[in-house]
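To start, the structure itself, in structure tokens.
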Amino acid sequence: MEFVSSIVGLVPCFYDHTSKHTVYIRDLRKNLQALSKEMVDLNNLYEDVKERVERAEQQQMKRRKEVGGWIREVEAMEKEVHEIRQRGDQEIQKSCLGCCPRNCWSSYRIGKAVSEKLVAVSGQIGKGHFDVVAEMLPRPPVDELPMEATVGPQLAYEKSCRFLKDPQVGIMVLYGMGGVGKTTLLKKINNEFLATSNDFEVVIWAVVSKSPDIEKIQQVIWNKLEIPRDKWETRSSREEKAAEILRVLKRKRFILLLDDIWEGLDLLEMGVPRPDTENKSKIVLTTRSQDVCHQMKAQKSIEVECLESEDAWTLFRKEVGEEILNSHPDIPMLAKVVAEECRGLPLALVTLGRAMAAEKDPSNWDKVIQDLRKSPAEITGMEDKLFHRLKLSYDRLPDNASKSCFIYQSIFREDWESYNFELIELWIGEGLLGEVHDIHEARDQGEKIIKTLKHACLLESCGSRERRVKMHDVIRDMALWLYGEHGVKKNKILVYNKVARLDEDQETSKLKETEKISLWDMDVGKFPETLVCPNLKTLFVKNCYNLKKFPNGFFQFMLLLRVLDLSDNDNLSELPTGIGKLGALRYLNLSVTRIRELPIELKNLKNLMILIMNGMKSLEIIPQDMISSLISLKLFSIFESNITSGVEETVLEELESLNDISEISITICNALSFNKLKSSRKLQRCIRNLFLHKWGDVISLELSSSFFKRTEHLRVLYISHCDKLKEVKINVEREGIHNDMTLPNKIAAREEYFHTLRKVLIEHCSKLLDLTWLVYAPYLEHLRVEDCESIEEVIHDDSEVGEMKEKLDIFSRLKYLKLNRLPRLKSIYQHLLLFPSLEIIKVYECKGLRSLPFDSDTSNNSLKKIKGETSWWNQLKWNNETCKHSFTPYFQIHEAEAYSTDTEESETGSIDDVQEQPVSN
């Protein structure tokens with residue numbers, strides 16, 4: 001029966017053997033073979049295409065959709081062909097006599113499917129010959145920058161993030177000394193955009209460096225903006241490229257991160273539009289120079305400071321590694337000492353940490369600590385990786401004077417804070433400011449250099465009023481290395497804290513090449529008989545509290561000495577006569593010593609330009625004609641020194657006889673000496689700081705307006721312990737002006753007077769009634785009034801109220817006001833004042849002062865604090881609640897400060913405080 005069935009099945013096939021449908025059955029075997037061959041070709045092509053795609057994707061390219069679709073079709077087709085081939089092979093095996101199918105209908109369907117698939121495979125092969133399989137990916141809005149986990153500075157980072165969200169801040173500058181972590185902070189800001197959602201369409205990072213290459217920066221921006229290459233390459237000039245960049249950036253909200261800027265950049269020259277509140281773009285810069293902040297017109301500047309001790313230890317520990325720290329019980333303690341020597345500077349911490357990352361021997365750690373204190377350049381990596389990088393800031397200083405003045409700061413001990421005015425005086429004495437003809441111009445030049453060094457982050461400001469500077473310890477090490485000719489001559493500057501080391505170095509002849517020595521030894525009582533220092537030009541002996549005198553021959557082998565500072569040696573009672581042999585000496589400071597009598601041999605110092613004798617409480621004798629013999633003297637200061645009235649008058653007469661004298665700071669203790677001053681136009685022109693002290697019989701101090709016109713350099717006026725003084729009276733010598741004029745008229749007439757006076761201190765003047773004469777000092781910045789029992793008003797106004805139509809221009813430049821122990825004080829001024837510059841006001845034990853001359857219109861943009869007792873603040877009366885609320889945030893409680901040293905503002909009444917170098921106009 002099975003055989004009959006097969007025959008029956010063949011009948012239709014023979015019947016239609018010539019029809020096109022029978023071709024599917026007839027060619028099944030041949031088509032299967034062709035399909036297999038085509039599939040081999042398709043698979044080979046698939047592998048080639050796929051390999052090209054994978055290679056392109058490794059190069060951050062994206063496969064074209066057409067190619068991706070073709071690959072997916074091939075992968076699906078391969079499965080389908082496999083199934084069809086299996087079915088076709090089975091059908092052939094079931095055929096009768098090797099050629100006739102048992103079931104024509106089944107064979108027909110399979111044959112047709114094979115034929116169609118053969119056509120499809122051939123077509124797929126035809127579509128698979130791609131010229132381009134992938135295209136460049138559009139760059140992500142922000143590229144991740146490689147960086148290790150950061151340690152600090154969190155405060156600067158938080159400020160940066162806050163300002164980036166502020167619509168009023170378009171340009172922000174991160175500034176700080178070299179190696180402090182500015183680039184790390186900028187990278188952290190960049191990478192933060194990867195993790196947080198933001199509205200910026202593109203984040204661009206570019207390194208600028210010392211000599212900015214504008215076209216290189218443009219190239220970086222082009223790469224990020226994906227401007228078509230053909231369009232970019234047709235822009236041949238810098239201006240054309242800038243125009244193309246500007247065209248694209250104007251339509252985007254961008255953030256541009258520029259690292260390591262040394263000078264201002266012209267944004268439009270690069271093609272970068274300035275950010276504003278409309279385009280909401282941002283630019284963030286890093287720099288070592290504060291000048292860049294101003295040059296780039298930044299809305300916000302953030303100083304990146306050194307790490308706090310805890311963060312510094314964390315960073316150092318990370319670089320050294322736990323294995324080393326745990327290798328010996330002494331190493332953790334030694335490692336902390338090394339970390340502390342870096343004073344929080346990240347670059348120094350990393351450099352030293354990596355240098356010590358294999359040191360398991362505690363003795364090697366001991367040696368590194370010694371080297372850090374004596375010759376840090378000898379430690380691995382310090383010279384190449386640290387000093388040379390820090391030196392870039394030094395190299396960028398504008399002139400040799402700035403460079404020399406920078407290096408000079410290294411002569412002071414670590415963490416020493418120098419008053420600006422003292423530092424400038426030393427520079428003048430050293431000759432670092434060139435040939436000085438005018439001491440006042442030299443001071444201005446010195447102030448500019450200090451500003452330059454601070455803006456280059458090579459000096460740091462100290463205190464809120466920036467009157468002092470100091471140098472970071474690592475920067476100081478670099479300065480010493482520079483002065484020693486990159487470590488070749490290590491002994492050119494020697495700083496000692498023990499006189500015993502001085503003895504040791506003299507025995508080894510180390511001092512013969514030394515040019516500068518500073519000694520700070522609290523315990524020293526005796527010096528070597530002599531020091532053989534033939535090249536010595538500078539000698540500081542300071543804070544040696546047990547030192548009473550020098551050996552007679554101590555100075556005999558220092559014949560090149562130009563600067564000698566013996567100040568702050570409280571018990572130094574005499575000078576050796578050999579000091580008169582220092583013929584090259586230009587600067588001598590004997591302040592705060594116990595010297596009773598100056599040696600007559602000082603008259604031999606014919607090159608002496610600066611003589612400072614402040615705070616010499618024991619001084620009684622200045623030999624006659626000694627000062628007049630100092631023919632090169634330009635600056636003389638004898639503030640708060642105990643000289644008798646007869647000597648005082650002689651000193652003034654001898655100073656007047658000097659041709660080159662141009663600056664005098666002096667204490668005057670009697671009316672006779674003051675009359676001498678008032679009668680000498682030359683002396684008046686030279687007065688810089690004037691201290692009127694213990695005038696027991698003077699009731700009224702009358703000063704003519706011409707006196708103040710001639711005191712053209714007067715900066716500080718200090719009146720103290722004048723027990724009978726009731727008034728200071730200014731006699732205005734001008735046609736049409738009379739002395740009983742009203743306050744508004746006095747103000748109108750003041751332009752010519754007191755225009756240089758910056759600081760006034762009044763204390764222990766029990767009869768003084770007011771300070772109305774201060775209206776003649778329009779540029780006054782600092783006023784301190786203490787222990788004046790009778791003062792009821794600071795400024796007294798006898799004008800009719802109707803005359804006061806607007807706030808008068810009184811105290812418009814005043815920054816600091818302190819009123820202390822004034823029991824009868826009722827008013828600073830009876831009307832409202834603007835106080836546009838006021839930063840700090842302090843009031844203690846002034847219970848009668850029930851109001852401040854403020855209202856809601858009084859400018860508080862510059863105000864930082866109002867300090868006083870809680871009881872005083874609570875009983876103040878205000879014009880309205882709005883005014884009270886606007887000033888309340890500035891109030892700080894400090895109950896005990898009336899009797900304590902005001903360390904925060906250095907308001908100690910000391911010589912240094914009185915003679916500060918004020919801020920220029």
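This is a predicted model, so every value here is computed, not measured.
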Please tell me if the side chains of [X] and [Y] come closer than 4.5 Å, counting only heavy atoms from C-beta onward.
X      : Y      : answer
Leu771 : Val760 : no
Ile595 : Met616 : yes
Leu575 : Leu590 : yes
Leu817 : Lys842 : no
Leu564 : Asn589 : no
Leu572 : Leu566 : yes
Leu652 : Leu683 : yes
Glu422 : Asn420 : no

Does the side chain of [X] pick up a donor-acceptor pair with the side chain of [Y] at under 3.5 Å?
X      : Y      : answer
Asn614 : Ser637 : yes
Tyr829 : Glu793 : no
Ser632 : Lys606 : no
Asn670 : Glu648 : yes
Gln684 : Thr711 : no

Is [X] salt-bridged to [Y], cutoff N-O under 4.0 Å?
X      : Y      : answer
Glu763 : Arg784 : yes
Glu430 : Lys516 : yes
Lys864 : Glu839 : yes
Asp723 : Lys767 : no
Arg758 : Glu781 : yes

Would you say [X]'s side chain and [Y]'s backbone share a donor-acceptor pair under 3.5 angstrom?
X      : Y      : result
Ser837 : Leu814 : no
Ser628 : Leu658 : no
Ser404 : Leu432 : no
Ser790 : Ser766 : yes
Glu417 : Lys470 : no
Asn607 : Leu585 : no
Thr772 : His796 : yes
Ser641 : Met613 : yes

Query raised in the report: Does Tyr419 have Arg468 sitting over its ring (NZ/CZ under 6.0 Å from centre, angle to axis within 45°)?
Result: yes

Report the residues that fulfil side-chain hydrogen bond (donor to acceptor under 3.5 Å, both in side chains) with [X], sequence neighbours left out, ordered by chain and then residue number.
X      : result
Arg685 : none
Glu727 : Ser700
Gln409 : Ser418
Ser680 : Glu656

Just wondering, are more than 12 heavy atoms of other shown residues or ligands nearer than 6.0 Å to [atom1] in [X]?
X      : atom1 : answer
Lys682 : NZ    : yes
Arg824 : CZ    : no
Lys297 : NZ    : no

Closest approach of [X] to [Y] (non-hydrogen atoms, all atoms of both residues):
X      : Y      : result
Asp438 : His440 : OD1-N, 2.7 Å
Ser673 : Glu649 : OG-CG, 3.2 Å
Leu825 : Glu792 : CD1-O, 3.5 Å
Met471 : Leu458 : CG-O, 4.0 Å
Pro599 : Pro623 : C-CG, 4.3 Å
Pro836 : Ser812 : CG-O, 3.3 Å

Query - Residue list, side chain to side chain contact (heavy atoms under 4.5 Å, CB included) with Asp399, at least two apart or on another chain - result: Ala401, Ser402

Query - Plane angle bin for Phe412 and Phe540 - parallel if under 30°, tilted between 30 and 60°, otherwise perpendicular - result: tilted

Report task. Measure up the Tyr816 and His782 rings against each other and bin them: parallel (under 30°), tilted (30 to 60°), perpendicular (over 60°). Result -> parallel

Query raised in the report: With Ile687, which of Val716, Leu677, Ile668 fulfils side chain to side chain contact (heavy atoms under 4.5 Å, CB included)?
Result: Leu677

Report task. Could you tell me which residues satisfy salt bridge (charged side-chain N to carboxylate O under 4.0 Å, His left out) with Glu441, sequence neighbours excluded, listed by chain and number? Result -> none

**Report entry** By salt bridge (charged side-chain N to carboxylate O under 4.0 Å, His left out) - contacts of Lys537 (at least two apart)
**Finding:** none

Report task. Not counting sequence neighbours, which residues clear ring pair (Phe, Tyr, Trp, His ring centres under 6.0 Å) with Phe406? List them please. Result -> Tyr394

**Report entry** All ring pair (Phe, Tyr, Trp, His ring centres under 6.0 Å) counterparts of His721, not counting sequence neighbours
**Finding:** His693, His764

Return the [atom1] to [atom2] distance between [X] and [Y], rounded to the nearest 0.5 Å.
X      : Y      : atom1 : atom2 : answer
Cys788 : Asp770 : SG    : CG    : 11.5 Å
Leu838 : Phe811 : CG    : CZ    : 10.0 Å
Asp787 : Leu768 : CG    : CG    : 12.5 Å
Lys542 : Asp568 : NZ    : CG    : 4.5 Å
Asn731 : Leu703 : CG    : CG    : 8.0 Å

Would you mind listing every salt bridge (Lys or Arg N to Asp or Glu O under 4.0 Å) that reaches into [range], with sequence neighbours excluded?
range            : value
residues 448-463 : Lys454-Glu466
residues 585-597 : Arg596-Glu620
residues 663-675 : Arg443-Glu663, Glu663-Arg688

